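In this text the structure is predicted, and so the values were computed from the model without any measurement. Sequence lines set the chain letters: A, B, ... in the order given, protein chains first and strands last, and positions in each chain run from 1.
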Protein chains: 2
Amino acid sequence: MSANDNTVNIRSNKGGYHHGDLRSALIETGLKLLEQGSAETLSLREIAREIGVSATSIYRHFPDKDALLAALAAEGMAKLAREQKAAAKGKDGKEAFAEMGRAYVRFAVRNPALFRLIYTSLPSAADPNCVNQEESPGWLLRQSIAGLAGEKATAAQKRAALLRAWSLVHGLSMLILSGQIAGTDADKLIDEVVSVDSLKLR
Amino acid sequence: MSANDNTVNIRSNKGGYHHGDLRSALIETGLKLLEQGSAETLSLREIAREIGVSATSIYRHFPDKDALLAALAAEGMAKLAREQKAAAKGKDGKEAFAEMGRAYVRFAVRNPALFRLIYTSLPSAADPNCVNQEESPGWLLRQSIAGLAGEKATAAQKRAALLRAWSLVHGLSMLILSGQIAGTDADKLIDEVVSVDSLKLR
DNA sequence: CAAATAATGTTTACAGCGACAACATGAGCG
DNA sequence: CGCTCATGTTGTCGCTGTAAACATTATTTG
């Protein structure tokens, strides 16, 4: 369920001094604690405590807190991208896009702290070598939109369409998370907003 | 430029023990420091230091840090609403709405930390007695959209139109702030996205 | 296989933070 | 003038992130 999906070659805590796969454990528990609190209330010491390891051991795997948070964000981004793909699987065209949008908002609602973290742009996340590429949610939306925008759409038109689509789902997600949209069912909201007709695609 | 616009009836630090209008000073300096750092990096002690007052004096005016942040957020919300109004002044219909959208995004870009704070929903900001009403940006958008949506639009249609419009500008703002939209001119982005045609208004 | 070396985890320590309690000051009212 | 209470201060606590020095184990190498 976590980290890099290698079936964790740990002996998990064979008995003592060395943990085995602390790095994965850090990310895993980090994500877990993120489910019950924001990224700001998340503390390195709490993670360490949870794992049962000294507070400073973290620094053998990450230069500082931001680096760990960046790793969590990358993990979350991959998870979001996976869910988007899964939601659109089997569909194509308009429906594929709509399903991706739904998956996007649903992810935000179900993982508020993680979602916020993803889009909080710590300095480290702006690294050019970072995951801002193939696996990013924006990329996936781009692909689905590109197919939608029609053959004779210019590059600029496609770009604008992507921008509108992404802004729409992202904005809806954020507004829901910040409690600005009073107690309405999230799923209904998604359908109201993420209807392909609402995007000027061509 | 700050607080509640009352021309600060302070003697500003007449010489000693009592400051005069610490509460306003706290908000003012809080907003100032927010311009060069996030809400998380903002510390009560730093604000106090800046004003030249002891760290704990803050607690004579706010129960805790969240309360001060909530006050800053309220201040920011009012400022945003003011700029929206000003931008739409003299215009009406589609243009009024477009100008409001532009003002919204522009505000976000120019006041990133403050904008984020506004939509961070501290528990205190969820208070029912809070400013979530008339002066809120959402409310203003609602008004302009209501006018746009046509006479025979149902309430549900109007609600959906508002939701789409707000999501669009909010999402664009957030994406820009999080650095997801690579180095393009913000003003151009606004015009690309916030074109009334892109909203399914009727 | 044994010794050197590198990787990983621990202990100790420090400064900065938010917050509480006890105390000091002085403004406003009788 | 003197009381009172709002406002500002000092001292302290437990928490945080993180640096330095040290301990333990894995891994490489002779």
> His61(B) side chain N/O closer than 4.0 Å to the phosphate oxygens (OP1, OP2) of dA6(D)?
Replying inline: no

>> Looking at dT25(D), I'd like to know if its phosphate oxygens (OP1 or OP2) sit under 4.0 Å from a side-chain N or O belonging to His19(A).
In response: no

> To the nearest angstrom, how far is Lys65(A) atom NZ from dG16(C) atom C1'?
Replying inline: 14 Å

> How many Å lie between CG on Asp21(A) and P on dT25(D), as a whole number?
Replying inline: 18 Å

>> Rounding to an integer number of Å, can you tell me how far Arg45(B) CZ sits from dC17(C) P?
In response: 6 Å

>> Suppose we call a contact any N or O donor and acceptor under 3.5 Å apart; does that hold for the side chain of Thr56(A) and the base of dT11(C)?
In response: yes

>> Expressed as a whole number of angstroms, how long is the span from Ile51(B):CD1 to dT9(D):P?
In response: 11 Å

>> On a heavy-atom basis, which atom in Leu172(A) and which in Ile190(A) lie closest, and how many Å separate them?
In response: CD2-CA, 4.0 Å

> Does Val53(A) or Leu42(B) map to a spot on DNA chain C nearer the 5' end, using the closest nucleotide for each?
Replying inline: Val53(A)

>> Please find the pair of heavy atoms, one from Tyr59(B) and one from Asp64(B), that lie closest to each other, and give the distance.
In response: CE2-CA, 4.0 Å

> Between Arg49(A) and dC15(D), does any side-chain N or O lie under 4.0 Å from OP1 or OP2?
Replying inline: no

>> Over 60° means perpendicular and under 30° means parallel, so tell me whether Tyr104(B) and His170(B) are parallel, tilted or perpendicular.
In response: perpendicular

> Do Phe62(B) and Ile27(B) come within less than 4.5 Å of each other through their side chains, counting heavy atoms only?
Replying inline: yes

> Looking only at heavy atoms, what is the nearest atom pair of Ser173(A) and Val169(A), with distance?
Replying inline: OG-O, 2.7 Å

> How close or far is atom P of dT16(D) from atom CD1 of Ile58(A), stated in whole angstroms?
Replying inline: 11 Å

> Taking only side-chain nitrogens and oxygens of Ser57(B), does any of them come within less than 4.0 Å of OP1 or OP2 of dG8(D)?
Replying inline: no

> In whole angstroms, how far is the P atom of dA6(D) from the CZ atom of Arg23(B)?
Replying inline: 16 Å

> In whole angstrom, what separates Leu26(B)'s CG from dG18(C)'s P?
Replying inline: 13 Å

> Between Asp64(A) and Arg60(A), which is nearer to the 5' end of DNA chain D once each is assigned its nearest nucleotide?
Replying inline: Asp64(A)

>> Rounded to whole Å, please give me the gap between CG in Leu68(B) and P in dA19(C).
In response: 10 Å

> Contact class for Ser43(A) vs. all strands (heavy atom < 4.0 Å): base, sugar-phosphate, or nothing?
Replying inline: sugar-phosphate

